[in-house]
Amino acid sequence: MPELPEVETVRRGLSPHLEGNRIEKIEIRRPDLRFPFPPDIVGELTGQIISEVDRRGKYLLFRMENNSILLNSLGMSGRWTLTGGKVSFTPGTFAHGAAIGTGDGPHDHLVIDFHNGLRATYTDARRFGYIHLIKSGISEDEDRFLRVLGPEPLEPNFDATILAQNLRNRNSPIKNTLLDQSVVVGLGNIYVNEVLNRSGVSPRRISSSLVKKNGKPGTQLELIVDQIREVLSEAIDAGGSTLQDFRGVSGDDDLGWFPVNFRVYGREGEVCLKPGCSGVVRRIVQSNRSTFYCARCQR
DNA sequence: CGTACCCCCTGGCTGC
DNA sequence: TGCAGCCAGGGGGTAC
């Protein structure tokens, strides 16, 4: 579920509480999520101090002082809850949230207890998420999950030229290609719809048609790059403010689902909210996933 | 290499 | 109220 802004919001919520904190105990409540838990995770991480809570694309990276990394994909329904000490909250909780994870719920699969009494619980009803361990001494470039990722859209090294390179030989619709994390990381099924609407580009457009014959980005591709940055940044800002409101509160499942005003997503049959447009939002299916767009202003 | 499909799993909502 | 059917924010694996 979570796309880049949601994962970033979770990261920001966890980081001040976990960084510098020592892991006293790790408990695994079932053998697997999407994949089996790494067999040596308990031995490898017990006693370690978390030096940084980082993010790459939609992955959370818990960097340890011994340079090993706990990688976590939230899948569709994964979330973290902090309890104990002075805090009790779930950063970036999602709309379909079940009970807050205290470590005893039916979907509380991983529980980490820290030196200072804090407990971090990973909850994931659908179990599409997973936990992966990058051992100390293994380079991130060699890791099977990290090495295939495309550029970070909010970093300076992402621009229309890079994207054009990644799209020039792509023969599938732009909506599908932008969801491919090897092309650019972070976009999911909500924000990709919003980006294309704001850019005025049809989700059905063949990706390579947005690249000029000389390999340079066309005007519409430049717009897409601008809108990727803008949509993701706005959503992060919205998530940040929501998180502040959520701090210290518990049990409200509606908070944390960011108050972004979607112009097309989930709005089939309603009027397109692009300023000046009076089109109607359509829903189509691409690669078995819903696409929302306005055929009037997206070409 | 690129692309198309299938699948993993639970829960919420809608309509009968 | 029960239940079937459909839908959901991701993405790995495999076959072509």
Side-chain angles (χ1 to χ4, degrees), chain A residues 1-10 29-37 55-60 71-80 90-99 101 105-109 122-132 143-150 165-196 204 206-209 211 231-232 235-236 238-239 242 253-260 262 264-269 283-292:
Chain A
M1 107 52 272
E3 306 180 33
L4 187 150
E6 290 75 23
V7 179
E8 175 61 19
T9 299
V10 173
R29 300 278 170 81
R30 54 171 294 123
D32 55 13
L33 298 174
R34 165 134 194 205
F35 304 118
F37 279 99
R55 178 190 59 72
R56 176 76 173 95
K58 303 178 194 173
Y59 297 144
L60 285 171
L71 181 154
N72 170 224
S73 161
L74 297 169
M76 301 279 262
S77 56
R79 59 181 174 274
W80 287 90
T90 305
T93 297
F94 308 117
H96 310 149
H107 304 300
D108 294 344
H109 306 307
Y122 179 71
T123 308
D124 190 348
R126 289 178 75 181
R127 306 203 301 274
F128 281 10
Y130 55 89
I131 295 281
H132 168 67
D143 181 72
R144 57 184 292 241
F145 293 109
L146 295 180
R147 72 181 176 209
V148 296
L149 296 181
Q165 279 297 110
N166 293 346
L167 294 186
R168 57 188 297 175
N169 294 324
R170 295 294 198 126
N171 212 26
S172 45
I174 185 63
K175 193 258 189 172
N176 294 345
T177 312
L178 289 176
L179 287 176
D180 184 335
Q181 302 296 296
S182 71
V183 170
V184 57
V185 298
L187 292 172
N189 204 38
I190 289 181
Y191 296 120
V192 72
N193 281 292
E194 298 301 310
V195 164
L196 290 174
R204 303 190 208 242
I206 296 302
S207 307
S208 56
S209 77
V211 181
V231 166
L232 295 180
I236 289 173
T242 299
D253 291 339
D254 289 328
L255 288 175
W257 197 204
F258 311 129
V260 171
F262 299 139
V264 285
Y265 187 83
R267 301 189 55 254
E268 182 182 16
R283 174 182 180 271
I284 61 174
V285 173
Q286 293 178 293
S287 292
N288 277 322
R289 306 187 72 184
S290 290
T291 297
F292 298 90

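- Here the side chain of A:Ser290 is nearest to one of C:dG10, B:dG11, C:dA8, namely C:dA8.
- Nucleotide C:dG11 holds its C1' atom 16 Å from the CZ atom of A:Arg56, rounded to whole Å.
- Looking at A:Phe35 and A:Ile131, their side chains never come closer than 4.5 Å, going by heavy atoms from C-beta outward.
- No side-chain heavy atom of A:Val264 sits under 4.5 Å from any side-chain heavy atom of A:Leu196.
- When the P atom of B:dG11 is taken as reference, atom CZ of A:Phe128 falls 12 Å away, rounded to whole Å.
- In this structure, CG in A:Asn176 is found 7.0 Å from OG1 in A:Thr291, a value given to the nearest 0.5 Å.
- Ionic pairing of A:Asp32 and A:Arg30 is present here: one or more N-O contacts between side-chain nitrogen and carboxylate oxygen are shorter than 4.0 angstrom.
- The side chain of A:His107 places an N or O atom within less than 4.0 Å of a non-bridging phosphate oxygen (OP1 or OP2) of B:dG11.
- Distance A:Ile190 CD1 to C:dG10 C1': 12 Å, rounded to the nearest Å.
- Nucleotide B:dT10 holds its P atom 11 Å from the CG atom of A:Asp32, rounded to whole Å.
- Protein atom CD1 of A:Ile206 is 9 Å distant from nucleotide atom P of B:dT3, rounded to whole Å.
- The base of C:dA8 sits with one of its N or O atoms less than 3.5 Å from a complementary donor or acceptor on the side chain of A:Arg126.
- Rounded to whole Å, atom P of C:dG10 lies 14 Å from atom CG of A:Asn288.
- At C:dA8, none of the side-chain N or O atoms of A:Tyr265 fall inside 4.0 Å of OP1 or OP2 (strictly under the cut-off).
- Residues A:Leu4 and A:Tyr191 fail the side-chain proximity criterion, which asks for heavy atoms closer than 4.5 Å.
- Of all the residues in residues 167-186 of chain A, A:Gln181 reach under 4.0 Å from DNA chain C with at least one non-hydrogen atom.
- Between B:dC8 and A:Tyr130, no contact under 4.0 Å exists linking OP1 or OP2 to a side-chain N or O.
- Among A:Phe145, A:Phe37, A:Tyr59, the single residue meeting the ring-ring contact (aromatic ring centres under 6.0 Å, His included) criterion with A:His132 is A:Phe145.
- Counting atom types as modelled, A:Arg127 pairs no side-chain N or O with a base atom of B:dC9 as donor and acceptor under 3.5 Å.
- Of all heavy-atom pairs between A:Ser77 and A:Asp124, the closest is OG-OD1, 2.6 Å.
- Annotation: side chain of A:Gln286 is in contact with side chain of A:Arg204 (closest heavy-atom distance under 4.5 Å).
- By the 4.5 Å heavy-atom criterion applied to side chains, A:Leu74 and A:Glu6 are not counted as neighbours.
- In this structure the side chain of A:Asn166 never reaches within 4.5 angstrom of the side chain of A:Val184, judged on heavy atoms.
- Rounded to whole Å, atom P of C:dG11 lies 10 Å from atom CG of A:Leu74.
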Mind listing the N/O atom pairs, protein and nucleotides 13-16 of chain C, below 3.5 Å?
| unit_1 | atom_1 | unit_2 | atom_2 | d |
| --- | --- | --- | --- | --- |
| C:dG13 | OP1 | A:Arg144 | NH2 | 2.9 |
| C:dG13 | OP2 | A:Arg144 | NH2 | 3.0 |

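- Nearest heavy-atom pair across A:Leu179 and A:Leu187 is CD2-O, 3.9 Å.
- For DNA chain B, if you chain together Watson-Crick or G-U pairs that step i with j, i+1 with j-1 and so on, the runs of at least three with distances under 3.5 Å are B:2-8 with C:10-16, B:10-16 with C:2-8.
- Taking atom CD of residue A:Gln286 and atom P of nucleotide C:dA8, one finds them 13 Å apart after rounding to whole Å.
- Below 30°, between 30° and 60°, or above 60°: for A:Phe292 and A:Tyr265 the angle between ring planes is above 60°, a perpendicular geometry.
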